[in-house]
There are 2 protein chains.
Amino acid sequence: MMLMGAQAGGSNNGEKFMTTAARRPATLDDVARAAGVSRSTASRVLAGNGFASPTARERVRTAVNLLGYVPNPAARALVHGSGVRLLIAVAGTGPAVLDDPYVDQAVAAVARACTPHGLGVAVQWVPLGAPERLTQLTEDRGVAGLVLLNTTPALLDLVPRRLRGRAVSIGIGSATVPSVDIDNGGGTAAIVRHLYDAGRRRIAMVTGPRWLACANRSVGAYRRLLHDAGLPAREVVGDFSAARGYAAAREVLRRWPDTDAIVGISDATALGVIGRLRADGIRVPEDVAVTGFDDIPLAATVALTTASHPVRQIITAAATMVLEHREAPETTVFPSALVVRGSA
Amino acid sequence: MMLMGAQAGGSNNGEKFMTTAARRPATLDDVARAAGVSRSTASRVLAGNGFASPTARERVRTAVNLLGYVPNPAARALVHGSGVRLLIAVAGTGPAVLDDPYVDQAVAAVARACTPHGLGVAVQWVPLGAPERLTQLTEDRGVAGLVLLNTTPALLDLVPRRLRGRAVSIGIGSATVPSVDIDNGGGTAAIVRHLYDAGRRRIAMVTGPRWLACANRSVGAYRRLLHDAGLPAREVVGDFSAARGYAAAREVLRRWPDTDAIVGISDATALGVIGRLRADGIRVPEDVAVTGFDDIPLAATVALTTASHPVRQIITAAATMVLEHREAPETTVFPSALVVRGSA
DNA sequence: CTGAAAGCGCTAACAT
DNA sequence: ATGTTAGCGCTTTCAG
């Protein structure tokens, strides 16, 4: 509680007089002085490593609490040459990729993971056609680590040495950049199998953009299963958005009027599909079953059958890997869990 | 394009030999050396202010491009005592407030605004019952600015002097902290009026948590309009979530079975309400009209009548205020626009 | 076990 | 107009 009073009085122990009002945050020097030790000793105590007598330890600890000392990350970063923020680089065709709620979630999750470490987050779009733009971004000494989103192989190759062990990719990885990924293939397979088991035989899919590796794994799984069952694939290209799903639904039914199930590459896509279908008087799931992917909060509310992934956890895991500079396995795959609800 | 080749060769001009491989990012010293001027001169031309001959300017510029120089924000922050990230402090009853997609969006939007300035973002929850926790957070020299979310008056009072002019509140403001806000009252009034004009007379509302000032403005407007029309208010407390809307819908109809319209405090709430209604065989909007608030992307897809606010722009405006350290008017109110779609 | 001293990269007086 | 000089707050050899 009333720490501030104590601080205001205590922080100027060795000073001639208490200056005006602006109690500026305490520095390590203040702590050292208050503890009656040298700056170096104080630093050692705080670092946890290095030698220090129990007495010194104790006194420094007290001083820190008393003054409410918080290390200045800029100073630390400067001496360590380590940077002060994590960069989230999102590949995409245009800056609009950053408008995706999925990116919002990723940024927020990384920010939450960074905050306790005294680091901030920055986001930037990297043009799909000019991956070398990433180099400019990593040139910045302020960048302490890198999280790649919508990663492409070209991007992976451009991660500089300086960031080795401080970079992670959500999606595909490489020999030098570990990755954290979802088992899209398995998830989609489970969905398609569920549809098949429910008697659906004319199953279409609204896909994601072709350049996205992780989306392609879903599409691949869809094709394989249909192929194995001797069924033809029915694909319409989408872009993860509800708006595109809305349009795509009509295209699917125009091209293949007897379609009895539509697999959405994402929940938003599926929601769009359902919106269009209902608007056209087509019953879901009676006439056409619809499935999503990701299990966003809204999915439960509208009873969407989908595959669930702990996106937040995944991103947090990724952020933690770079924050703690951990030697990581080349790839960590998170499972996908089928969630059967009303829409299929 | 092939800048890297040029850099690798050029950056060690005055050195004895080119060391191994690790081309570390160029420093201002490197630039100065390459340009044949002193560090200060280089610093001046980069700062834009200060004197410098056209020649010097030119040479420094060239050197910067050649070396791909990017200033080290940590060093800058250190000398300016300015901090390296913006803190987004979110008040709420528990850490779960951070799970809200609205917060995700805010964090991401602020991050986007910060990135060009070389700043990162951090997010933290501030317990509603212990606003003084904010003080600990702002004690950190790394904090360059503050964005308050779900602000309460107690919080506003705890913004330290150091952050004067570098803090902004989304929602209510104070004499020392400017605010950026939505005209919730006006927006809600427009919605209720629309419902009334459409002949609805038994209008209920699923509200937000009581402690939230901005939510209360909506509730206030709802009450006022109903009161003026000689109609009774029908309120059920919600929390912005779809899940709560889902539950609240049933409560509304249990307490007032003849309800013919439900005003949701948020789109998510409204979506939940609609889900429950439809599941119970109640037609929307024929039997009960439903409205939301905010116009999230999904609203258009499911034809939700709502009030639209450029949330991203609003947050960006807020972030920009603190980034550019602008003298801001005490309050900037963004308008709310009624969007009539199918649900009401 | 502890203190003195150097220096991370940059800016801002203060001399030229 | 330009260079020289002090630091900003912290970590880290290197001597005691």
Side-chain angles (χ1 to χ4, degrees), chain A residues 11 22 24-60 63-64 67-84 117-119 139-144 162, chain B residues 11 22 24-61 63-64 67-85 117-119 139-144 162:
Chain A
S11 69
R24 43 117 244 258
T27 78
L28 186 56
D29 261 321
D30 298 332
V31 172
R33 211 171 304 135
V37 301
S38 76
R39 209 170 50 220
S40 345
T41 304
S43 177
R44 276 183 220 113
V45 173
L46 288 167
N49 57 28
F51 303 90
S53 65
T55 341
R57 268 193 161 58
E58 176 54 22
R59 307 185 59 173
V60 171
V64 165
L67 279 74
Y69 170 73
V70 181
N72 182 330
R76 268 224 244 260
L78 182 55
V79 59
H80 282 142
S82 55
V84 292
H117 293 252
L119 288 178
E139 204 76 30
D140 186 333
R141 269 257 151 111
V143 173
R162 183 173 77 83
Chain B
S11 68
R24 43 112 243 250
T27 79
L28 186 56
D29 262 321
D30 297 333
V31 172
R33 211 171 304 135
V37 302
S38 77
R39 211 170 47 221
S40 352
T41 304
S43 177
R44 273 184 222 113
V45 334
L46 286 169
N49 57 29
F51 303 90
S53 66
T55 341
R57 268 193 162 57
E58 175 54 23
R59 307 185 58 172
V60 172
R61 290 261 137 77
V64 164
L67 278 70
Y69 170 74
V70 182
N72 182 331
R76 269 225 244 260
L78 182 56
V79 61
H80 282 143
S82 55
V84 291
R85 67 203 153 166
H117 292 252
L119 288 178
E139 204 76 30
D140 187 332
R141 270 257 151 107
V143 173
R162 183 173 77 83

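Order of the sequence lines sets the chain letters (A, B, ...), proteins ahead of strands, with each chain counted from 1.
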Next on the checklist: Is the phosphate of dG3(D) approached by Thr41(B) (side-chain N or O, under 4.0 Å from OP1 or OP2)?
Outcome noted: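 Yes.
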Next on the checklist: Tell me whether the side-chain N/O atoms of Arg141(B) come closer than 4.0 Å to OP1 or OP2 in dG9(D).
Outcome noted: yes
Checklist entry - Arg39(A) side chain to Asp29(A) main-chain N or O, any donor-acceptor pair under 3.5 Å? => result no
Checklist entry - Can you tell which of Val60(A), Val45(A), Val37(A) makes a side chain to side chain contact (heavy atoms under 4.5 Å, CB included) with Val31(A)? => result Val60(A)
Checklist entry - What nucleotide among dT11(C), dG9(C), dC10(D) has an atom nearest to a side-chain atom of His80(B)? => result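 Of the options given, the side chain of His80(B) lies nearest dT11(C).
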Checklist entry - Can you tell which of dA5(C), dT2(C), dT5(D) lies closest to the side chain of Arg39(A)? => result dA5(C)
Checklist entry - Atom OH of Tyr69(B) to atom C1' of dT11(C): distance rounded to whole Å? => result 10 Å
Checklist outcome for this item: In whole angstroms, the gap separating P of dG3(D) from CG of Leu28(B) amounts to 12 Å
Next on the checklist: Tell me if the side-chain of Arg76(A) makes a donor-acceptor pair with the base of dT11(D), cut-off 3.5 Å, by modelled atom types.
Outcome noted: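 Such a pair does not exist between side chain and base.
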Item to check | base_contact_polar (dT4(D) base, Ser40(B) side chain, donor-acceptor, <3.5 Å) | outcome: yes
Next on the checklist: Any heavy-atom pair between the side chains of Arg44(B) and Thr41(B) that's under 4.5 Å?
Outcome noted: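 Of all side-chain heavy-atom pairs linking Arg44(B) with Thr41(B), at least one is under 4.5 Å.
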Checklist entry - Are any non-hydrogen side-chain atoms of Ser43(B) and Leu28(B) less than 4.5 angstrom apart? => result yes
Regarding [X], tell me which of base, sugar-phosphate or nothing describes its non-hydrogen contacts under 4.0 Å with the strands shown.
X: Ser43(A); answer: base
X: Ala74(A); answer: nothing
X: Ala56(A); answer: sugar-phosphate

Checklist entry - Of Ser38(B) and Val79(B), whose nearest nucleotide on DNA chain D comes first from the 5' end? => result Ser38(B)
